[in-house]
Amino acid sequence: HLESTWPLAWQTAWVSGSLVDVLLGVGLSEVVVEVGGKTAKSDENGLFQVKGVPLGSQLLSVTLDPRLGSALVAEPPSTVDVSAPRTDLEPFYTVSDALAPPEAPGW
């Protein structure tokens, strides 16, 4: 009789990606990315790796520190399909509040 469960290390994956200022073309650091209850912060180049994420559909959130003065260009997806050994996400684009266009007036 063969055991049908995989070792714990094979039941998790790394989720990696980047945060890039769309106008300046530079990475954004200190952004918190949470996937499947595991978190990581982006480094000085805007890169992040969330380790030990369970396989399958997992909740995803990206939290920018308001003191950084940047905002996400578009909302990230609320879930991500995680597969072993690593899942690479498309870049998340940000824009500096100082460079963002003003809000359109309400009609």
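- Counting heavy atoms from C-beta on, the side chains of Asp81 and Thr87 never come closer than 4.5 Å.
- For Lys38, there are no side chain to side chain donor-acceptor pair (under 3.5 Å) partners, not counting sequence neighbours.
- Between atom CD of residue Glu30 and atom CG of residue Leu68 there is a gap of 7.5 Å, rounded to the nearest 0.5 Å.
- Placement of Trp14 and Phe92 in two distinct hydrophobic clusters is found when ILVMFWY residues are connected by side-chain heavy-atom separations under 4.5 Å, directly or transitively.
- With sequence neighbours left out, Asp88 forms a side chain to side chain donor-acceptor pair (under 3.5 Å) with Ser16, Arg86.
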Atom pairs and distances, side-chain donor-acceptor, residues 49-57, under 3.5 Å, sequence neighbours left out:
none

Exercise for review: Could you walk me through whether Val20 and Thr94 pass side chain to side chain contact (heavy atoms under 4.5 Å, CB included), step by step?
Suggested key: CA-CA 6 Å; Val20 180; Thr94 64; over 6 Å; no
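- In this structure, CG in Asn45 is found 9.0 Å from OG in Ser29, a value given to the nearest 0.5 Å.
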What donor-acceptor contacts under 3.5 angstrom involve side-chain atoms of residues 70-79, with partners at least two apart or in another chain?
none

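- For Asp65, the side chain to side chain donor-acceptor pair (under 3.5 Å) test picks out Arg67, with sequence neighbours left out.
- When the options Thr39, Leu19, Thr63, Leu89 are evaluated for a side-chain contact (heavy atoms from CB on, under 4.5 Å) with Val33, the one that passes is Leu19.
- Val62 places none of its side-chain heavy atoms less than 4.5 Å from the side chain of Val32.
- Considering all non-hydrogen atoms of both residues, Ser96 and Asp21 come closest at N-OD2, 3.4 Å.
- Among all heavy-atom pairs drawn from Ala13 and Ala84, the shortest one is CB-CA, 4.0 Å.
- The main-chain N or O of Leu28 is found under 3.5 Å from a side-chain atom of Ser42 such that the two form a donor-acceptor pair.
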